[in-house]
Protein chains: 2
Amino acid sequence: MTTMTKSKGAAALPLNTILAGDCIEMMNSLPENSIDLIFADPPYNLQLKGDLHRPDNSKVDAVDDAWDQFSSFAAYDRFTRDWLAAARRLLKPNGAIWVIGSYHNIFRVGASLQDAGFWILNDVVWRKSNPMPNFRGKRFTNAHETMIWASKSEGAKYTFNYEALKSLNEGVQMRSDWVLPICNGGERLKDDNGDKAHPTQKPESLLHRVLVGSTNPGDVVLDPFFGTGTTGAVAKMLGRDFIGIEREEAYRKVAQKRLDSIRKFDREALQVSASKRAEPRVPFGQLVERGMLRPGEELYSINGRFKAKVRADGTLVGKDVKGSIHQVGAAMEGAPSCNGWTYWAFKREGQIVPIDVLRQQIRAELAN
Amino acid sequence: MTTMTKSKGAAALPLNTILAGDCIEMMNSLPENSIDLIFADPPYNLQLKGDLHRPDNSKVDAVDDAWDQFSSFAAYDRFTRDWLAAARRLLKPNGAIWVIGSYHNIFRVGASLQDAGFWILNDVVWRKSNPMPNFRGKRFTNAHETMIWASKSEGAKYTFNYEALKSLNEGVQMRSDWVLPICNGGERLKDDNGDKAHPTQKPESLLHRVLVGSTNPGDVVLDPFFGTGTTGAVAKMLGRDFIGIEREEAYRKVAQKRLDSIRKFDREALQVSASKRAEPRVPFGQLVERGMLRPGEELYSINGRFKAKVRADGTLVGKDVKGSIHQVGAAMEGAPSCNGWTYWAFKREGQIVPIDVLRQQIRAELAN
DNA sequence: ACCTAAGGTGAATCTTGCT
DNA sequence: GAGCAAGATTCACCTTAGG
């Protein structure tokens, strides 16, 4: 790969390098209207109070780095406005930006994007297939992050490789929710001690989809919060040029080593997200939520011997037992286990209908 | 259903009615600190430029109603701040709010929520199983909407029926991404012409999960943008009280008709699995007092590594430690904390039995 | 070599109630 | 309100060790 190609007027772009320093200063040192795509993974401004332990008493290794600390929402907003202004100056008129965040920061980022004149094209949800659970049972599992995709301004002719994404998605149009695993296993970079080199390394599969969808080969991709360089790594594989900016020496070192080992079009490395087409699990509770069965309605065992009543939370109550469709079926039969889906039925217009029919309906919908 | 019950000081709440008028004015006419939950589906501020046609040239019936028009982001922000302030005044200290939106408005709503002092608990993604495709192939299929769940302030004791949601989800904790179909078929209300009565009617399944998860029977739920009354309908079914506010006469009429036809589920069906925390507290000493365990008897850690002796006052003595079942367990494991109830076991007839079995016996007695 | 069991871990605003 | 003690609480992976 080449450094310092693609001159734009007097200045030149330091292609395929990692710039050391503050992202706003470094961006301001680059020529305006020179970048095709920006991917930004800014600090999330998590506000953690104390330690968190798992039920087995092991401690969660949380993101408590200094770079994620801001004194107030106002301070975070100032930072956001400043780096977005610098980013917007760099973008070509038909360039675009992606920003990723969580509920801690993404609403502020999104509003600032709009205020700065960016035009939101989609918000895209990264649904994590293996998120960390909520150990205390006080909230929903925080199972997704949000990305905002925006053009430099309204009416701009941004890049969108519709057909490529459709192919990636087995021939149907790509949706705004992407199911991808978090970065772990061999892809997760380790430091010399064997600990994770960066607390929030993003999976290459995510960047693969972003770059295939919104850049063309030869485009210049800037990542102002480069970290361990996932953006650069995927850009290199896909034949795009990148520029990274990273303040922390330790991250730059790991990223450079990573980049040096990557070859363009290393197909093997791209085989991360082949989809498994297992039958989706359908919770019985969905039949209740969706009104297919009514709370208070009676279910009948397929052998006609027992009945039980549906509750609003998708559990059953029978004589002396309550619990899941499986638990109540097992208890009534005195069996160690029972597949409630094939054991229970409901009545419609005098007919006895197995509840599994309703599950099949939902699965058919999901397949579309 | 009753109207005007639950007086709060001088004022009374117009329960289970639809108030006609501007939502901010109407909210300001209600007593402060009186509402348990607010569900709000405000205008999305869609900024549609022209007509959209499907590939077969049929015209998409878009949301272009007057109530969704704002002159600028600043105007939308003003409106948002104002209704959020009125909403926050109404909430009880431990109340909570849900707001639903799309990328057009949700970032502004989220930032305003945070600025107003609400404390975000989760952002929840409603992943539509049957969204409208992107006909032009210029963007990702807009296949989700975003809900923000927030308590009135940081540290508030909001309602979260963890076990009920877990039951709804087949025994695993509920995640922040919910896959549910959009509202159509028989559930979709039609006007006298057979057209959809409201452009953005929400599915009852969505409200079912919201209300089961974050309210209890008898709670008061306010929806300041009532529309055709999905919130009221599900609240009524689930035995919650509701208050709706709606400006448009046509929507109120449809909503009232809908509400009149709905019956509440029976009481048993509304019972929901409770968390252990809600069960009565049983001191370990009671097991000794009642002779279920004898002073001097040995307890064994569940992993078989440690043992300790029961004393007459309900404390344990082990090697070098004495104290509560929790303290001794934690000390032996070198852990910051330990739930002694699940950590210790005793022997009966050669069998190892967890002490929690004895606590459950006592709780079962207390329930009778 | 292959299978099973045990252990580790991930952007987390993660308790409640009594004294 | 601060301080302390009781006690409730996890899913989908991957790696490693052991059989």
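- The shortest heavy-atom contact between B/Ala150 and B/Ile120 is CB-CA, 3.9 Å.
- Because its NZ or CZ atom is both nearer than 6.0 Å to the ring centre of B/Phe118 and within 45° of the ring axis, B/Arg88 counts as a cation-pi partner of that residue.
- Nucleic acid contact class of A/Ser102 (heavy atoms, under 4.0 Å, all strands): none.
- Comparing C/dA11 with D/dA6, their P atoms are spaced 35 Å from each other, to the whole Å.
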Going by atom type alone, with no hydrogens or angles, which donor-acceptor pairs under 3.5 Å involve a side-chain atom of residues 66-79 of chain A and a protein atom two or more places apart or on another chain?
residue : atom : partner  : partner atom : Å
A/Trp67 : NE1  : A/Tyr251 : OH           : 3.1
A/Asp68 : OD1  : A/Tyr44  : N            : 2.9
A/Asp68 : OD1  : A/Asn45  : N            : 2.8
A/Asp68 : OD2  : A/Leu46  : N            : 3.0
A/Gln69 : NE2  : A/Asp65  : O            : 3.2
A/Ser72 : OG   : A/Ala74  : N            : 3.4
A/Ser72 : OG   : A/Ala75  : N            : 3.1
A/Tyr76 : OH   : A/Pro43  : O            : 2.6
A/Tyr76 : OH   : A/Asn105 : ND2          : 3.0
A/Asp77 : OD1  : A/Arg108 : NE           : 2.8
A/Asp77 : OD2  : A/Arg108 : NE           : 3.4
A/Asp77 : OD2  : A/Arg108 : NH2          : 3.0

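- Heavy atoms of A/Pro42 sit under 4.0 angstrom from at least one base atom.
- Annotation: side chain to side chain contact (heavy atoms under 4.5 Å, CB included) contacts of B/Val357 (sequence neighbours excluded): B/Val353, B/Pro354, B/Gln361.
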> Dot-bracket for DNA chain C, 5' to 3', with Watson-Crick and G-U pairs under 3.5 Å, [ ] for crossing pairs and | for other-strand pairs: what is it?
Replying inline: .|||||||||....|||||
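- Ion pairing between B/Arg209 and A/Glu289 holds under the 4.0 Å rule for side-chain N and carboxylate O.
- The main-chain N or O of B/Asn216 is found under 3.5 Å from a side-chain atom of B/Asp219 such that the two form a donor-acceptor pair.
- Checking the phosphate oxygens (OP1, OP2) of C/dA12, no side-chain nitrogen or oxygen of A/Lys49 falls inside 4.0 Å.
- C/dG8 and D/dT10: their C1' atoms are spaced 13 Å apart (whole Å).
- The base of C/dA11 is not paired with the side chain of A/Asn45 by any donor and acceptor separated by under 3.5 Å.
- B/Ile120 comes within 4.0 angstrom of a nucleotide base, judged by non-hydrogen atoms across all strands.
- Checked against side chain to side chain contact (heavy atoms under 4.5 Å, CB included), B/Lys319 has no partners two or more places apart in sequence or in another chain.
- In this model, a side-chain donor or acceptor of A/Arg54 finds a partner on the base of C/dG10 within 3.5 Å.
- The ring of A/Phe225 has its center no closer than 6.0 angstrom to the ring center of A/Phe39.
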Tabulate protein N/O versus nucleotide N/O from nucleotides 1-7 of chain D, keeping only pairs under 3.5 Å, one per line.
residue : atom : partner  : partner atom : Å
D/dA6   : OP2  : B/Ser324 : OG           : 3.3
D/dG7   : OP1  : B/Arg281 : NE           : 3.0
D/dG7   : OP2  : B/His326 : NE2          : 2.4
D/dG7   : OP2  : B/Trp341 : NE1          : 3.3

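- Contact between the side-chain N/O atoms of B/Tyr343 and the OP1/OP2 oxygens of D/dT9 is not found at any separation under 4.0 Å.
- Taking the P atom of each, D/dG7 and C/dC14 are spaced 23 Å apart, rounded to whole Å.
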>> The test is ring-ring contact (aromatic ring centres under 6.0 Å, His included); show your working for B/Trp178 and B/Trp126 and say whether it passes.
In response: CA-CA 5 Å; B/Trp178 301 356; B/Trp126 167 29; 9.6 Å; no
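- Minimum interatomic distance between A/Asn130 and A/Pro181 (heavy atoms only, all atoms of both residues): OD1-CA, 3.5 Å.
- For the segment residues 164-178 of chain B, the set of residues with a heavy atom within less than 4.0 Å of an atom of DNA chain D comprises B/Lys166, B/Val172, B/Gln173, in numerical order.
- The pair A/Lys202-A/Asp41 counts as a salt bridge, with a side-chain nitrogen and a carboxylate oxygen less than 4.0 angstrom apart.
- Remark: A/Lys196 does not engage A/Asp191 in a salt bridge, criterion side-chain N to carboxylate O under 4.0 Å.
- Scanning residues 191-198 of chain A for heavy-atom distances under 4.0 Å to DNA chain D yields an empty list.
- Between B/Arg311 and B/Pro295, the closest side-chain pair of non-hydrogen atoms is not below 4.5 Å.
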Which pairs would a plain distance check flag for residues 271-285 of chain B, meaning a side-chain donor or acceptor within less than 3.5 Å of a matching protein atom at least two apart in sequence or in another chain?
residue  : atom : partner  : partner atom : Å
B/Ser273 : OG   : A/Asp313 : OD2          : 2.8
B/Ser273 : OG   : B/Ser167 : OG           : 3.3
B/Ser275 : OG   : B/Arg277 : N            : 3.3

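- Using bins of under 30°, 30° to 60° and over 60° for the plane-to-plane angle, the ring pair A/Phe140/B/Trp149 lands in the perpendicular bin.
- Rounded to whole Å, the distance from CG on B/Asp123 to C1' on C/dA12 is 13 Å.
- Every residue two or more places apart in sequence or in another chain that forms a side chain to side chain contact (heavy atoms under 4.5 Å, CB included) with A/Lys253 is listed here: A/Glu249.
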>> How would you summarise protein contacts on nucleotides 14-19 of chain D per nucleotide, using B for base, S for sugar-phosphate only and - for none, with heavy-atom distances below 4.0 Å?
In response: SS----
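- Taking 4.0 Å as the cut-off between side-chain N and carboxylate O, A/Glu145 and A/Lys128 count as a salt-bridged pair.
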Write out a two-atom table: protein N or O, nucleotide N or O from nucleotides 2-4 of chain C, distance below 3.5 Å.
none

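- Partners of B/Asp320 under the side chain to side chain contact (heavy atoms under 4.5 Å, CB included) rule, at least two apart in sequence or in another chain, do not exist in this structure.
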